[in-house]
Number of protein chains: 2
Amino acid sequence: MRGGGYKATPQRMSVLRTLAKEQHQTLEDIRTQCPEVGLVTVYRTLDLLVGLGIVRRLDLGDGARYELAEDHHHHMICEQCGEISEFEQCPLDPGRLPAGDGFEVRSHSLEVYGRCAACG
Amino acid sequence: MRGGGYKATPQRMSVLRTLAKEQHQTLEDIRTQCPEVGLVTVYRTLDLLVGLGIVRRLDLGDGARYELAEDHHHHMICEQCGEISEFEQCPLDPGRLPAGDGFEVRSHSLEVYGRCAACG
DNA sequence: CGCTAATTGAAAAATTTTTTCAGTTGCAGA
DNA sequence: TCTGCAACTGAAAAAATTTTTCAATTAGCG
């Protein structure tokens, strides 16, 4: 981060620390955990981090959420109750990823929609 | 749609027709193609369709977009220029989808991030 | 330690989305 | 086909969300 001429301010650290705690958080989630960081700064920090590829913004059907872009993104979303959970195992077959069209794959995000056990 | 006690109004038909034309459109895209439909009605229609599972809302990093939920969703997003393209072949291995936890998979959405040929 | 460009926060502006409500309309039943 | 009414629509207003502005502050290089 400092490499790009950006400063490691307490506010940015605080937002990053919050993002590291939990996945797919809303702006409000982050705000709640960073009460000492101004609203505008949270927006700007997220913009910056998204721009740097450190954070990814996603919409699972209920507004913007943010999470660290480091890991894979495998979400299960219940269409009934809206619950979002995660799973680790990557069901992707690398051999079947698009190729030959010059697109270089860096990472991916997978959302599986359906019904959770509770909503059966 | 009529089954659920909903009316097949011209406005709804217009929005659906627009969604059928192209994938991942923004609200403005839809508005432009449905000038005869009021802004509020577009919002309400999309909400309804999303609620019915006919349409899916997604955020590929630049705000909400909508598309028919019928098909699979395989997007390639260039992290450099933001271009969004699609590919047909599904790289998912059904055998590796999460199971045993009672979650019933209905559909899925996959976003692949990287660099497009032009941005190499 | 001092300098300077980067950063911050508060207020204001712009944008996006939702609510309200009175008038309109699709469509089920007569 | 006609009728009644719940569902629907649009315009305006309200609310929520995001961005811009700008003066004051600060991280970090030298």
>> Is there a side chain to side chain donor-acceptor pair (under 3.5 Å) between A:D29 and A:T32? Walk through the geometry before answering.
In response: CA-CA 5 Å; A:D29 292 339; A:T32 303; 5.7 Å; no
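Legend: ring pair (Phe, Tyr, Trp, His ring centres under 6.0 Å) pairs involving residues 19-38 of chain B, not counting sequence neighbours, sorted by first then second residue: B:H24-B:H75. Within the structure, ring pair (Phe, Tyr, Trp, His ring centres under 6.0 Å) contacts touching residues 26-47 of chain A (residues at least two apart or in different chains) do not occur.
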>> Base contacts versus sugar-phosphate-only contacts with protein, heavy atoms under 4.0 Å: please encode nucleotides 15-22 of chain C as B, S and - from 5' to 3'.
In response: -SBBBB--
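Inter-residue side-chain proximity for A:R12 and A:V15 is flagged as unmet; no heavy-atom pair is nearer than 4.5 Å. Between A:L92 and B:L110, the closest side-chain pair of non-hydrogen atoms falls below 4.5 Å.
As a whole-Å value, the separation of B:L52 CG from D:dA7 C1' is 14 Å. For the pair A:E36 CD and D:dT25 C1', the interatomic distance rounds to 17 Å; values are reported in whole Å. Rounded to a whole Å, the NZ atom of B:K7 is 10 Å from the P atom of D:dA6. Straight-line distance from the OH atom of A:Y6 to the P atom of D:dC29: 16 Å, rounded to whole Å.
Considering only residues two or more places apart in sequence or on other chains, A:D93 meets the side-chain contact (heavy atoms from CB on, under 4.5 Å) condition with A:R96, B:R96. Partners of B:E104 according to the side chain to side chain donor-acceptor pair (under 3.5 Å) rule, which considers only residues two or more places apart in sequence or in another chain, are B:R106.
At least one side-chain nitrogen or oxygen of B:T9 sits closer than 4.0 Å to the OP1 or OP2 atom of D:dT9. Under 4.0 angstrom from either OP1 or OP2 of D:dT9 there lies at least one side-chain N or O belonging to B:R12. Look at B:Q11 and you'll find a side-chain N or O under 4.0 angstrom from OP1 or OP2 of D:dG10.
Note that B:R56 lies in the cation-pi zone of A:Y113, set by a 6.0 Å cut-off to the ring centre and a 45° limit from the axis.
The overall bend of the helix from C:dC1-D:dG30 to C:dA30-D:dT1, read as the angle between its terminal helix axes built from five base pairs each, is 50° when rounded to 10 degrees.
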